[in-house]
Amino acid sequence: MPRAWHHVEQYANNPIEADHSRLKQRLRPMRGLRTDKTAQVIVAGHAFMQNLRRSHYELAVDATPATRVAAAFTELAQAI
């Protein structure tokens with residue numbers, strides 16, 4: 001099956017239109033944030049992951065940075 005052909009030369013000189021696809025790509029994950037509650041859950045989860053990666057918690061302290069998240073979730077699963 002042939003792929004879709006996207007004619008982009010039309011907007012090549014217009015920086016606003018040229019960046020439109022990048023803007024849509026960044027906004028796509030936010031489509032599900034219809035209520036404040038869902039946004040709060042996503043933001044809290046994002047903050048937790050950032051703090052976990054930066055070793056702000058005493059979870060998976062001895063793990064390497066590449067495996068820290070997986071080790072922390074293993075520790076959390078055993079605690080629950």
Show which residues join Val41 in its hydrophobic cluster (side-chain heavy-atom contacts under 4.5 Å, direct or indirect), or state none.
none
In this structure, NZ of Lys37 is separated from CD1 of Ile42 (nearest 0.5 Å) by 11.5 Å
Separation between CZ (Arg68) and CZ (Phe73), nearest 0.5 Å, reads 13.5 Å
My understanding is that only residues two or more places apart in sequence, or in another chain, count here; which of them pass side-chain hydrogen bond (donor to acceptor under 3.5 Å, both in side chains) with Arg34?
none
Same hydrophobic cluster for Met49 and Leu76, using side-chain heavy-atom links shorter than 4.5 Å among ILVMFWY?
yes
With sequence neighbours excluded, what pairs up with Tyr57 under the ring-ring contact (aromatic ring centres under 6.0 Å, His included) test?
Phe48
Sorted by chain and residue number, the side-chain contact (heavy atoms from CB on, under 4.5 Å) partners of Thr74 (sequence neighbours excluded) come out as Gln78
Under 3.5 Å, side-chain donor or acceptor atoms of residues 58-67 against the rest of the protein: list the pairs with distances, not counting sequence neighbours.
from, atom 1, to, atom 2, distance (Å)
Thr64, OG1, Thr67, OG1, 2.9
Thr67, OG1, Thr64, O, 3.4

